[in-house]
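As the structure is a computational prediction, the values presented were derived from the model and not from experiment.
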Amino acid sequence: MSLVALIDYGSGNLHSAGRALREAARLGETGHEIRITNRAEDILAAERVVLPGVGHFADCAAGLRAQTGVVEALETACLKGGKPFLGICVGMQLLAETGREDGATPGLGWIAGEVARIQPGDAFRVPHMGWNELSLRGAPHPVLSGLGAEPHVYFTHSYAFTTADPADMAATASYGAEAITAAVARANLFGTQFHPEKSQALGLRILSNFLSWDP
Amino acid sequence: MTLKTRIIPCLDVKDGRTVKGVNFVDLKDAGDPVALAKAYDAQGADELCFLDISATHEGRGTLMDIVSATAEQCFMPLTVGGGVRSAENMVALLRAGADKVAINSAAVADPSVISRCAAKAGSQAVVVAIDARAVGDHWEIFTHGGRKETGIDAVAFAKEAEARGAGEILLTSMDRDGTKSGYDLPLLKAITGAVNIPVIASGGAGKVGDLAPAVIEGGATAVLAASIFHFGEATIAEARAALATAGAPVRPLAN
């Protein structure tokens, strides 16, 4: 059975992500075992990797680095080894070089860019919280395929990832003056600012797409 | 192409059952919360709220089991409140499957708990629940399920909650709660005009036509209702259609 390593570093949405991934594997009949783990050997043995995350960038970065050998295993398996990687919310933001939530904190630096507070303008409340429509950029990414017209997903965040290369943005959402990065993609790396595990049928479809994605 | 109005059914839970009262008393049974949650997920509710209305006095183990069982079956955001006193309580609920935790009495008694919760779990997970009632020409906060008067001004407290890191305000009008006479629009306007975080309108929805004014006139970004949904008077789809007709942005029914 193909293994998905779901990284446990104390993130609040760990179990929600686990349940949704199991449901997505069932619906997509992909046959994956979803293993919640903080062990480097599981990451190295896995077919693909999911990094969840909610809350504070610096806390999450510190939490991830506190897991022995995990960042190194992720680099070996995903950054160098090409295994499909999905980051969710702060798990996606950690792909950035720097997070600017209460000072500058280094991220994994796998995708160039920064995570900074969203500035949608006076008429827009922060956090950006609720269901918003995805605008896919360029050719639809396989993880975002088959979503139908006007795909809506659930967001809850005050900070967003601005990629240095606009080509790394796979989808945006409109909120105020500037489009907010909703998904990033580069080679075998994919990340969502929104929460697929909380986006009902559409979210399960996205997770199911990820499980069958062959970058 | 903008953020959509959230329709949030609220389950008031007491001793493991969903109940609904008028002005916080005269509770009547409205069913098994997990079954209701599943039904609302299937109907496409935008979010779900559990409030343990007995938790300030009683044990909370039952609520944890319900949260866990609900999270197991529902793939929508879940806010849980009732009896949350500390960042540790909050983390336990998040681990059980809640996405956001509402703090009420404890935040009023000691607003620094808001900062501690936000530091621990992020502002997006911290909902400050305000139960307010008109007193003279302003609104004051009541706590402990509406039983305790505090003399604290609701608008001033909402601003303090925002400054301390609350990510959202759940604003319940105690004058309107369970009366089905519509949301308290002057109260909503006062709070939404004072803060720049999302505000959920609660208390008083008696028909789907009551929802849109909370958004369009009151400035709310989400509408919470219990009675109209639990007792079969309206479906989530009807609520969505009524909001759309009145010009409030809603998520399309297809997904």
* Are there residues of residues 49-56 of chain A that reach to under 4.5 Å of chain B by heavy atoms, and which ones? ->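 Against chain B, the residues of residues 49-56 of chain A that fall inside the cut-off (heavy atoms, under 4.5 Å) are Val54(A), Gly55(A).
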What part of [X] lies closer than 4.5 angstrom to a heavy atom of chain A: side chain, backbone, both or neither?
X         : value
Val91(B)  : neither
Ala118(B) : neither
Ala222(B) : neither
Ala125(B) : neither
Thr192(B) : both

Any chance you could measure [X], atom [atom1], to [Y], atom [atom2], to the nearest 0.5 Å?
X         : Y         : atom1 : atom2 : result
Met129(A) : Lys100(B) : CE    : NZ    : 4.0 Å
Arg125(A) : Glu168(B) : CZ    : CD    : 10.5 Å
Ser123(B) : Glu101(A) : OG    : CD    : 8.0 Å
Leu3(B)   : Trp131(A) : CG    : CH2   : 11.5 Å
Arg6(B)   : Tyr154(A) : CZ    : OH    : 5.0 Å

* Asked: What closest approach, in Å, do Gly97(B) and Ser16(A) show between heavy atoms, and which atom pair accounts for it?
  ->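 Distance-wise, the nearest heavy atoms are O-OG, 4.3 Å.
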* **Heavy-atom closest pair, residues Ile197(B) and Pro127(A)** =>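 Where Ile197(B) meets Pro127(A) most closely, the heavy atoms are CG2-CD, 4.2 Å.
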* Thr2(B) side chain near Ser174(A) side chain, heavy-atom distance below 4.5 Å ->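 Sidechains of Ser174(A) and Thr2(B): no contact.
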* **Beyond-backbone contact of Gln124(B) with His157(A), side-chain heavy atoms, under 4.5 angstrom** =>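 Result no, sub-4.5 Å side-chain heavy-atom pair not found.
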Give, as side chain, backbone, both or neither, the part of [X] having an atom under 4.5 angstrom from any heavy atom of chain B.
X         : result
Leu14(A)  : neither
Asp59(A)  : side chain
Thr156(A) : both

* Exam field: side chain Gln200(A) to backbone Ala45(B), donor-acceptor pair closer than 3.5 Å ->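 It does hold such a pair.
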* Counting heavy-atom pairs under 4.5 Å to chain B, which of His128(A), Arg22(A), Arg19(A), His15(A) comes out on top? ->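 Answer, by heavy-atom pair count under 4.5 Å with chain B: Arg19(A).
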* Heavy-atom pair count under 4.5 Å with chain A, highest-scoring of Cys74(B), Gly167(B), Gly122(B) ->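 Option with the top pair count is Gly167(B).
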* Pick from Leu78(B), Leu94(B), Asp99(B): which one has the most heavy-atom pairs with chain A under 4.5 Å? ->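 Looking at each of Leu78(B), Leu94(B), Asp99(B) in turn, Asp99(B) comes out on top.
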* Arg95(B), CZ atom: more than 12 neighbouring heavy atoms under 6.0 Å ->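 Atom CZ in Arg95(B) is not packed in, count stays at 12 or less.
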* Asked: How would you list, in number order, the residues of residues 183-190 of chain B that have a heavy atom less than 4.5 Å from chain A?
  ->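 Listed by number: none.
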